[in-house]
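Scope of the values below: all heavy atoms of this structure, side chains included, with no hydrogens, waters or symmetry mates. Lettering of chains follows the sequences in order, A, B, ..., and the numbering in each one begins at 1. Everything numeric in this text was worked out from a predicted model, so none of it was measured.
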Amino acid sequence: MTQATPAPGHTLASDLNTPQRMAALYLDGPCLVLAGAGSGKTRVITQKIAYLLRECGYMGRHVVALTFTNKAAREMSERVKTLVDSRLTKGLTISTFHSLGVRFLREEARHARLKPEFSILDSTDAMGIIQELLATTDKARLRSVQQTISLWKNALMDPDAAEKAAATPNEAEAARIYRSYDATLAAYQSVDFDDLIRLPTVLMQGNEAVRERWQARVQYLLVDEYQDTNECQYRLVQLLTGRRAMFTAVGDDDQAIYAWRGATVENLAKLTTDYPQLKLIKLEQNYRSVQRILSAANQVIGHNPNLFDKKLWSDLGVGEPIQVTAMDTDVIEAESVALRISAERFERRAEWRDFAILYRSNQQARVVEQALRNLRIPYTLSGGQSFFDKAEIRDVLAYLRLIANDDDDPAFIRAVTTPRRGIGQATLQALGEFASQKQLSLFAAVFEVAEAERLAARQLEPLQTFAAFIQQIQQRAGRKGSDRVSQGAEPAGPLLDELLGVIQYERHLYDTLDERAAQTRWQNVQELVGWLKRKAEEDDLDLFELVQHVALVTMLERGDEDDPDTVKLSTLHASKGLEYPHVYLVGVEEGLLPHMGRDEEDGDPAKAAESLATRIQEERRLMYVGITRAQRTLHLTWCKKRRRAREDVVCEPSRFIDEMGLSSVKLREDPELQALSPKQRLGMLKDLLNKKG
DNA sequence: CTGGTATAAATTTTT
DNA sequence: TTTATACCAG
């Protein structure tokens, strides 16, 4: 199979240790790599891709690597590019499960009873649909129904199966909603996030031709973070690789932190039974952390039962003691951490980028941000509200979605009402009633409703103006489908500008908001537009084609700026896969780090106790992920009092602190700040500021 | 009937 | 600190 390539063969795997090399070179069948934290799993995957392309004669288009986040995909792709000549990477797919799903569905749309221009609903729109079907404003209930439907989809259960499986009245209702929810999506020619994986899976399962087409295309598959796959994704992997079963799955059961969205660690164990010939390779040498940190991590995770036994070790030296500090309040905690980072940067001659502050929930970031701003410490916030969830971005995207797919009712409603153009509740309701009677999309209904004389002229007129405007853009953007005429397609950039100009979006922002808010929002819009234009130019797309990619864009986060010298703030979930020399883990308290949400709805105490236990285990893995982000030093802090909602809550240190084993931990009390009164603290901060300024 | 303004409420984790 | 709802003016 070996093919002569210009690249020297010896570089391959020369910097891999023995198990890593085994994993990279193993091609006799399915392969599972159990990769502990910091054991170089990405290196294994990228080297293996290089090996496949360079030395095994695999064509780029026959190799697919799947990740869960765009960031991981981008990183992997960059690393492969440094290893392999660009001629060989042509057609190579390194993407998220969801992006692959989009591509699959665009190509196979017809078989899924979708038009190729289908829309992807974001979770807010999806929630909106459920809200209407349920006719309630009870938020907890809405969440629970959406969650339930999502879990059903991820478990490959259709509404029929869900109805049968429903054990409680609540679940039965959810199952009914599930059915009409799916019908609604179909009417909108839309899919939700879960469908991006579910529909390809169902399609391949039931359609032999499609299955064979994709199996011929995917000759080698690599899957990163395998412990985070759900049942549907497991099945998809199985269907893509077929009987050939040529794949490598890389994962770590101790880092499974997405059970709440349907991931099951059991997928790791299931591989060993579904594929008896499975080759199992463990990576146990950690190249990231000093021993103290690793041993604390091992101790914590030791309290969990685990599927596969593995012992992580490192030869990076013992390291400094882990510091655990009790703080009076969350504000003091934040100030204290900020102050300490400031001092340590100086003492250790480190850079801002060497520090990270990690926390359980996004809301904790707020206090920390404030403290960092006070000290003029540069920081970047990762995670948090996604760029594409911002109102202004959703506004613009609604227009684009509508241009691509005018059956997309949620997009229509959003676009037609922002900016305000004299169309309100009553008009939309009348239009909606008419549309559902005639089985039309809202957009199509605008053209029909005139004859029916169901709306007053003054309601009708703005609707018609709007619809004509959208139609005009559709025309100029390039015709879809078969009768497409490329000469008619105007370039996307100017058209996009014109669109924003005509709807006067910038003015709308300044009219509705105060200047500061309007400015930042307009900036975000500009950033989006810039991104789109760049994309249009790079790939030579007209607006229409671009718009078809936009949904996919939703999942591609912004092209990350090259790592600026800033302190990184991140949730524990978003920190997986990253590493920092110095890590501060804040809010390590009972109730927060094991997080205690509201209790389960439907009683059955035995079940509740079990679910509590498994939830604690997942929180423990989260703690494990946090600890193992640290390379050299680790600080944990917890607060005696914390402001939650509107009240001060008394907190206790997390059980996980005890579990780390006191031998590796140094407990601290009363750091400098706490002895001071609030007034004195403020003065001290001001002093510090003056010194800097 | 629309759209702006005031007032109350609300906060796990993410593709 | 932002977001949904209720109310009121045009």
DNA chain B: A:Thr427 or A:Glu619, which has the more 5' nearest nucleotide?
A:Thr427
Which nucleotide in [options] has an atom nearest any side-chain atom of [X]:
X        : options                : result
A:Arg366 : B:dT2, B:dT15, C:dT1   : C:dT1
A:His573 : B:dT14, B:dT2, C:dT3   : B:dT14
A:Trp260 : B:dT12, B:dT15, B:dT14 : B:dT14
A:Tyr258 : B:dT14, B:dT11, C:dT3  : B:dT14
A:Ala426 : B:dT13, B:dC1, B:dT12  : B:dC1
A:Asn362 : B:dT15, B:dT14, C:dT3  : B:dT14
A:Phe193 : B:dT15, B:dT14, B:dT11 : B:dT15
A:Ser361 : B:dT15, C:dT1, B:dT12  : B:dT12

For nucleotides 3-5 of chain B, give me every protein contact, N/O to N/O, under 3.5 Å, one pair per line with atom names.
from: B:dG3; atom 1: OP1; to: A:Gly422; atom 2: N; distance (Å): 2.5
from: B:dG3; atom 1: OP2; to: A:Arg420; atom 2: NH1; distance (Å): 3.0
from: B:dG3; atom 1: OP2; to: A:Ile423; atom 2: O; distance (Å): 3.3

Check the distance between [N]'s [atom2] and [X]'s [atom1] and give it to me in whole angstrom.
X        : N      : atom1 : atom2 : value
A:Leu593 : B:dT13 : CG    : P     : 13 Å
A:Leu199 : B:dT15 : CG    : P     : 20 Å
A:Gln255 : B:dT13 : CD    : P     : 20 Å
A:Leu460 : B:dT2  : CG    : P     : 13 Å
A:Asp125 : B:dT15 : CG    : P     : 17 Å
A:Glu618 : B:dT13 : CD    : C1'   : 9 Å
A:Leu622 : B:dT13 : CG    : P     : 11 Å
A:His508 : B:dT2  : NE2   : C1'   : 14 Å

Quick one: which of A:Asp252, A:Asp228, A:Asp254 gives a salt bridge (Lys or Arg N to Asp or Glu O under 4.0 Å) with A:Lys576?
A:Asp228
Does B:dT14 have its OP1 or OP2 closer than 4.0 Å to a side-chain nitrogen or oxygen of A:Thr571?
yes
Residues in side-chain contact (heavy atoms from CB on, under 4.5 Å) with [X], at least two apart?
X        : result
A:Glu107 : A:Trp214, A:Arg217
A:Gln504 : A:Arg507
A:Glu618 : A:Ala259, A:Trp260, A:Arg621
A:Gln147 : A:Leu151

Looking at the base of B:dT13, is there any donor atom on it, or on the side chain of A:Arg360, that sits under 3.5 Å from an acceptor on the other one?
yes
List in chain and number order the residues that pass salt bridge (Lys or Arg N to Asp or Glu O under 4.0 Å) with A:Glu132, two or more places apart in sequence or in another chain; answer none if no residue qualifies.
none
ring-ring contact (aromatic ring centres under 6.0 Å, His included) against A:Phe247, all qualifying residues, sequence neighbours excluded:
A:Tyr275
For A:Phe412, what residues pass the ring-ring contact (aromatic ring centres under 6.0 Å, His included) criterion, not counting sequence neighbours?
A:Phe466
Collect all protein-nucleotide pairs involving nucleotides 4-10 of chain C in which both atoms are nitrogen or oxygen and the distance is under 3.5 Å.
none

Taking any heavy-atom pair under 4.0 Å as a contact, classify A:Phe68: base, sugar-phosphate, or nothing.
sugar-phosphate
Sort out for me which residue in A:Ile627, A:Thr628, A:Leu622 forms a side chain to side chain contact (heavy atoms under 4.5 Å, CB included) with A:Tyr624.
A:Thr628
Would you find more than 12 non-hydrogen atoms of other residues, nucleotides or ligands less than 6.0 Å from A:Gln464 atom CD?
yes
